[in-house]
Every structure is written in structure tokens, then in C-alpha cells.
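Keep in mind that this is a model prediction, so the values were computed, not measured. Every heavy atom of this structure was used, including side-chain atoms; hydrogens, water molecules and symmetry mates were not.
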Amino acid sequence: MAATIKDIAKLAHVSIATVSRILSDRTESHTEETIARVRKAAKELAYQKNTAAIELVTKKSNVVAVIVSATPTNFSNQIIDGIQKKAAKHHLAVIILYAGENNTELQRKALQTVTERSVMGILLLAINLSPANLKFLTKSTIPFVFLALSFQDKTIPFIASDDFQIAYQATNFLISKGHRKIGLAAADFHISYTGYRRLAGYQKAMQEHQLQLVPDWVQDGNYSYQSGRQAIQAYMKNTQVTAVIANSDLAAMGVANQALDFGLSIPNDLSIISIDGTDFCTMFRPQLTSMTQSFYEMGSQGIDCLLNQKLSTAAQRFTAVSIQERESVKNI
């Protein structure tokens, strides 16, 4: 039979409570000698912690489930890093599941996998759930928070950037540099709430400066590198813009590389500001000026939301954004 903490306590000549605390890494009140004796006994007995059994008895889980989309961007690592580090501080385990890119079936499978086991909460990273799957999630009674995605519905908890402000500030920044023909590229402007809000921010800034809004300057996409390349191809066929707001760092790289293929110089012929501000901005040449989002904070605050029982289940927060000037934007 498998060893129990009672067996370890007997072998180490300590109480069961002492074994439980040490094996849970709550060692503050114990001597190094006691800790070593308990861990040696656990090793000799080949003890394996039965998390499911503990959760069944205590009716409390220390597991956080993170569901991640396959959206072709690169900011997920920063959010997951924030989740992992904050979870570790609170002795929480993290499991990660993938739900594809706008794939209703994969979303449902991920949700079912999570809701069929004991978890303390669910963090959904840039997941745009179908209406049926969102209904399934809300009926599960498991606390959840969406990360990097905001909602118009005030009953859905999220931690994200203000997408209106992202595009509004990016557009104003380019206008302050003298640009008047500004493109907005590589997002699902006419499908998702994120895209809709960014389009609204862009339009508001242009209108406030009484600048022309040319339909061809707005090029839809899925935030990918290829979307950025396709946007420049469209701009070159119609009215050439002097600056582009790319809706992810990968899309910005696509814009820049396609522009170079057309013989344009960045930023002399075309200025680019990227939305996200990940490490890719400084790895690329020229380094990309960016609207930088607080992805690490989104992950960290996501754990805080699940831990803080005083928060409403409909808590909605916007994290900070900032403009990081580098080399891809020029005054004209």
C-alpha cells in the first residue's frame, strides 16, 4: 500500500501535523534537523502526495487552471510568467490548457477538462469564447477571470488594457510627429470587441484633429505577421500612408519587412508603432516604437482576483499602457 503522512510521522518521530506542514513547504516554525528528518522519511517510504484525496477531504483546491488561445501573437509568455510567479508565492499549482484559435470545439473540451476536476479558479488568456461556451463557463460556479480581453458586458470579470486608449494614444502620438495619413492594420476591427474599440480610438483621434478617414487605411487581420505584410500590400495598391499602427508586435514586423521588400526605408519612408511592446520590439531592427501593455501585471493580478474573496465576481480592471519610443517613428 502507498505510504501515508501517518507512516512518515511514525518513522520521523514527529506529529502528523508537522509532516503535513513540512511537505506543504510551510517550514517556518521547524528546525532544519526536523525538516531534514521528515523529508528523508518521505523519500525512504517513496511517499507521493495524493492531491485529489487532499482536495476531497479539505474541499479546497490549490490549483489554478489557465486556458490559452492560439492567437498568433507573442505576449502570452509574459502573462503566464506573472501568473506563475504570483501563484508560487501562494503555494498554488498552475495547469495550462490550449483552446485553439476561435475554435468552439476546443474551447468546450478545455472548459470541460477544467470543470470536471477541482480547481480554485480559471484564468482565460485572450480567449474569445463562443456564446454557448461562455454560458457553460458562467454556470460552472468556478471563479474565473479573462486576461488581455475586455468586455462590454459588465457582468464578465476581466483584467486587460483599455483598447480604446491604446489606439487613441498611438494615433495622437503619430499626429504629434507630423503624420496625417495614418493606417491601422492587422486586427479584427469588425468582429471582436477588442478590434472594435481600437478602431473607435483611432477614429476619435483622427476626428479630433479634423483628419480625413480613408476606409482603405483600415486593414483587417488576425494580429499575425502575415496580416502585417498583407496590410502594406493593400496600402501600396491604394493611397500610401506615412505611418502605420500595427496591432501586435508580430504584425509590426510583418509591416516593416514587407515595406523593406517594396524598397521603403523604416522610418524614413514609413513610420511604425506597434501595439504590445514585448521583447520582439528591441530584437527587431530598427527597434519598434510601441504602445506597451502591462502583460505581467495582468497575470499577477489575475491570481490576486482569484485569491481575494472580497472582490466581486464581476471585477473589471484596466492595466497601464505606455508609449516606448525607439527607432521606427520619424518626425515629418
Side-chain angles (χ1 to χ4, degrees), residues 71 73 75 126 128 148-152 160-225 227-256 258-259 266-267 270-277 281 288-294 318-326 328-332:
T71 301
T73 57
F75 58 75
N128 209 340
L149 195 69
S150 62
F151 293 85
Q152 188 172 16
S161 301
D162 186 332
D163 289 297
F164 179 93
Q165 283 297 322
I166 283 176
Y168 180 77
Q169 291 181 33
T171 307
N172 275 320
F173 174 76
L174 293 174
I175 292 171
S176 74
K177 299 296 184 180
H179 295 278
R180 297 296 180 264
K181 296 179 179 180
I182 300 170
L184 184 67
D188 46 359
F189 304 112
H190 303 94
I191 299 175
S192 74
Y193 186 62
T194 296
Y196 165 76
R197 292 293 291 164
R198 290 188 183 179
L199 177 59
Y202 162 81
Q203 290 173 332
K204 179 68 173 177
M206 295 288 280
Q207 289 167 349
E208 286 181 349
H209 290 85
Q210 299 180 326
L211 298 179
Q212 187 179 13
L213 286 167
V214 178
D216 288 338
W217 291 355
V218 177
Q219 293 294 320
D220 284 77
N222 65 346
Y223 306 89
S224 67
Y225 176 86
S227 291
R229 294 189 72 99
Q230 291 170 351
I232 286 295
Q233 292 167 9
Y235 293 143
M236 294 297 289
K237 290 178 182 177
N238 300 294
T239 304
Q240 185 174 343
V241 296
T242 66
V244 176
I245 302 168
N247 277 269
S248 76
D249 295 340
L250 287 175
M253 293 165 65
V255 168
Q258 184 63 66
I266 309 297
L270 181 71
S271 288
I272 302 170
I273 183 169
S274 174
I275 294 175
D276 281 347
C281 290
L288 297 168
T289 292
S290 66
M291 288 297 308
T292 298
Q293 302 191 62
S294 302
F318 287 128
T319 51
V321 296
S322 60
I323 297 175
Q324 302 293 320
E325 291 194 55
R326 297 187 180 93
S328 64
V329 173
K330 178 185 177 182
N331 287 298
I332 64 172

Report task. Could you note down all residue pairs passing ring-ring contact (aromatic ring centres under 6.0 Å, His included) where residues 193-221 supplies at least one of them, sequence neighbours left out? Result -> none
Query raised in the report: Which residues satisfy the ring-ring contact (aromatic ring centres under 6.0 Å, His included) test with Phe173, sequence neighbours excluded?
Result: none
Query raised in the report: Do the side chain of Thr289 and the main chain of Arg326 share a donor and acceptor less than 3.5 angstrom apart?
Result: yes
**Report entry** Check: Ile175 main-chain N/O paired with Arg180 side-chain donor or acceptor under 3.5 Å
**Finding:** yes
Query raised in the report: Can any side-chain N or O of Thr242 pair as donor or acceptor with the backbone N or O of Leu270 at less than 3.5 Å?
Result: no
Query raised in the report: For Ala252, does its backbone N or O pair with a side-chain atom of Ser274 as donor and acceptor, under 3.5 Å?
Result: no
Query raised in the report: Quick one: does His179's side chain have a donor or acceptor within less than 3.5 Å of a partner on Lys330's backbone?
Result: yes
Query - Single hit among Val218, Asn247, Asp188 for side chain to side chain contact (heavy atoms under 4.5 Å, CB included) with Arg198 - result: Asn247
Query raised in the report: Is a donor on one side and an acceptor on the other found under 3.5 Å between the side chain of Asp162 and the backbone of Gln165?
Result: yes
Query raised in the report: Can you find a side-chain donor-acceptor pair between Thr292 and Ser290 that sits under 3.5 Å?
Result: yes
Query raised in the report: Between the side chains of Tyr235 and Gln230, is a donor N or O closer than 3.5 angstrom to an acceptor N or O?
Result: no
Report task. Would you kindly say whether Gln258 and Gln233 are connected by a side-chain donor-acceptor distance under 3.5 Å? Result -> yes
Query raised in the report: Ignoring hydrogens and geometry, is there a side-chain-to-backbone donor-acceptor pair from Ser271 to Ala243 under 3.5 Å?
Result: no
Report task. Please determine, by modelled atom types, if Ser322 and Gln324 share a side-chain donor-acceptor pair under 3.5 angstrom. Result -> yes
Requested in this report: Start with the C-alpha distance between Leu149 and Thr194, add both sets of side-chain angles, then the distance that settles side chain to side chain contact (heavy atoms under 4.5 Å, CB included), and finish with yes or no.
Outcome: CA-CA 7 Å; Leu149 195 69; Thr194 296; 3.4 Å; yes
